[in-house]
Amino acid sequence: MRRRPLPYDANLARRHIAKRDPVMREIVRRVGPYALEVRGRPYESLLRAILYQQLAGPAAAAIERRFMAIFGGIPTPGALLSVTDDALRAAGVSRQKAGYMRSLAEHFDSGAISDRELRRAPDDEVIAQVTQVKGVGRWTADMLLLFCLGRPDVLPVGDLGVQNSLRTAYGLDASPSAGEMEALAEPWRPYRSAATWYLWRRGDLVTL
């Protein structure tokens, strides 16, 4: 998927969260520049998210190659609806995932969801629309907002990496609840996406 420029000022976002929160200031200092990458179209991103659910590493890459080979690339919604379950199963796609993919294709093929409308819709509306698709939950919707649509103020409260990083960075006794995460993140608005990225990167540094 082709990389696109971040649709907001990365330096402004970095300076804002560092200024508003001393804990984030130290994380920003250790991690360095803010470099979240924005890629792809919504339909393509959601299709890949479904394909990769509960998969990782060489097995995931092999299934993706076989899946793409059926269509010669990313299938259109119509092409995906026309392929048989047996063909998808032969590529390594489970029956459950095939159902999720068909649900995605049906929503896009009918026009109930479109790339154009998702790009224009506010965050809450994007979440409401894409979570109508079977197999697409709030976490996947948040990842779409962050990495495909490039929205600046996303806080994925269901992400374990963010939860763990918050717990250790802020010296909490346990992983924070969604409400506790929202409260901690209030000073970061309107750039919670940048803080989320820094919390992920902090987790990477801790585990190195």
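Reckoned from all heavy atoms, side chains included, excluding hydrogens, waters and symmetry mates.
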Can Arg41 and Arg119 be said to form a side-chain contact (heavy atoms from CB on, under 4.5 Å), step by step? CA-CA 9 Å; Arg41 299 178 293 112; Arg119 290 191 182 103; 3.5 Å; yes

Kindly determine whether Val31 and Trp197 satisfy side-chain contact (heavy atoms from CB on, under 4.5 Å), including the steps that lead there. CA-CA 10 Å; Val31 171; Trp197 182 86; 3.9 Å; yes

Which is it for Arg89 and Asp86 under the salt bridge (Lys or Arg N to Asp or Glu O under 4.0 Å) test, yes or no, and what are the steps along the way? CA-CA 5 Å; Arg89 290 292 298 277; Asp86 287 343; over 6 Å; no

Would you sort out whether Leu80 and Tyr43 count as a side-chain contact (heavy atoms from CB on, under 4.5 Å), showing the intermediate values? CA-CA 12 Å; Leu80 186 51; Tyr43 166 73; 3.9 Å; yes

Salt bridge (Lys or Arg N to Asp or Glu O under 4.0 Å) assessment of Arg102 paired with Asp85: CA-CA 10 Å; Arg102 292 192 190 284; Asp85 282 350; 2.8 Å; yes

Go through the steps for Arg15 and Val28 under the test side-chain contact (heavy atoms from CB on, under 4.5 Å), then give the verdict. CA-CA 9 Å; Arg15 291 195 300 268; Val28 168; over 6 Å; no

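Of all non-hydrogen atoms in Val130 and Ile113, the two that sit nearest each other are CA-CD1, 4.3 Å. When all heavy atoms of Ser165 and Gly203 are compared, the pair lying nearest together is OG-N, 4.1 Å. Taking each heavy atom of Ala121 and Gln129 in turn, the nearest pair found is CB-NE2, 4.5 Å. In plain terms, the two heavy atoms of Ala79 and Phe71 that are nearest each other are O-CE2, 3.6 Å. Minimum heavy-atom separation, Pro7 to Gly150: CG-O, 3.2 Å. In terms of heavy-atom proximity, Pro33 sits nearest to Arg14 at CA-CD, 4.3 Å.
Of the listed residues (Thr196, Leu149, Leu146), just one forms a side chain to side chain contact (heavy atoms under 4.5 Å, CB included) with Val154, and that residue is Leu146.
Of the inter-residue distances, the one linking Ser175 atom OG with Leu160 atom CG reads 7.5 Å to the nearest 0.5 angstrom. Atom CZ of Arg29 sits about 11.0 Å away from atom CD1 of Ile27, to the nearest 0.5 Å. The CG atom of Leu104 sits 10.5 Å away from atom CG of Asp109, with the distance rounded to the nearest 0.5 Å. Rounding to the nearest 0.5 Å gives a distance of 4.0 Å between CE of Met24 and CD1 of Ile17. For the atom pair CG (Leu55) and CD1 (Ile50), the distance works out to 12.5 Å, reported to the nearest 0.5 Å. Rounded to the nearest 0.5 angstrom, Ser94 OG and Leu88 CG are separated by 9.5 Å.
For the pair Ser110 (side chain) and His107 (backbone), a donor-acceptor distance under 3.5 Å is present. Listed for the Arg39 side chain is no donor-acceptor partner under 3.5 Å among the backbone atoms of Arg4. Counting only distance, with no hydrogens or angles, the side chain of Thr140 and the backbone of Val136 share no donor-acceptor pair below 3.5 Å. Under a 3.5 Å cut-off, the side chain of Thr131 and the backbone N or O of Ile127 do form a donor-acceptor pair. Between the side chain of Tyr198 and the main chain of Gly32, a donor-acceptor pair closer than 3.5 Å is present. In this structure, the side chain of Glu180 engages the main chain of Ser177 through a donor-acceptor pair within 3.5 Å. Formation of a donor-acceptor pair under 3.5 Å by the Lys134 side chain with backbone atoms of Ser103 is not found in this model. Counting only distance, with no hydrogens or angles, the side chain of His16 and the backbone of Asn11 share no donor-acceptor pair below 3.5 Å. Panel note: side chain Gln163, backbone Val157; a donor-acceptor pair is recorded below 3.5 Å.
Taken together through direct or relayed side-chain contacts under 4.5 Å among Ile, Leu, Val, Met, Phe, Trp and Tyr, Val126 and Val38 form part of one hydrophobic cluster. Linking ILVMFWY residues whenever their side-chain heavy atoms come closer than 4.5 Å, directly or via other members, places Val93 and Met68 in the same cluster. Hydrophobic clustering places Ile74 together with Met143 (ILVMFWY residues linked when any side-chain heavy atoms are closer than 4.5 Å, directly or through intermediates). Linking ILVMFWY residues whenever their side-chain heavy atoms come closer than 4.5 Å, directly or via other members, places Leu145 and Leu6 in the same cluster.
Put simply, the side chain of Phe108 reaches to within 4.5 Å of the side chain of Asp115, judged on heavy atoms. Counting heavy atoms from C-beta on, the side chains of Glu26 and Asp21 never come closer than 4.5 Å. Proximity of Phe67 to Pro75: side-chain heavy atoms (C-beta onward) are separated by under 4.5 Å at one or more points. Within the 4.5 Å cutoff, the side chain of Tyr52 has heavy atoms near those of the Glu64 side chain. Counting heavy atoms from C-beta on, the side chains of Glu182 and Arg192 come closer than 4.5 Å. Put simply, the side chain of Val162 reaches to within 4.5 Å of the side chain of Met181, judged on heavy atoms. Proximity of Asp142 to Asp159: side-chain heavy atoms (C-beta onward) are nowhere separated by under 4.5 Å. A 4.5 Å side-chain heavy-atom check between Arg25 and Arg20 finds every atom pair outside the cut-off.
Using a 3.5 Å distance cut-off with no hydrogens or angles, the side chains of Gln53 and Tyr100 do not pair a donor with an acceptor. Side chains of Thr168 and Arg202: a donor-acceptor N/O pair is present below 3.5 angstrom, by distance only. For the residue pair Asp153 / Trp188, no side-chain donor-acceptor distance below 3.5 Å is found, with atom types taken as modelled.
For Tyr34 and Trp200, the gap between ring centers reaches or exceeds 6.0 Å.
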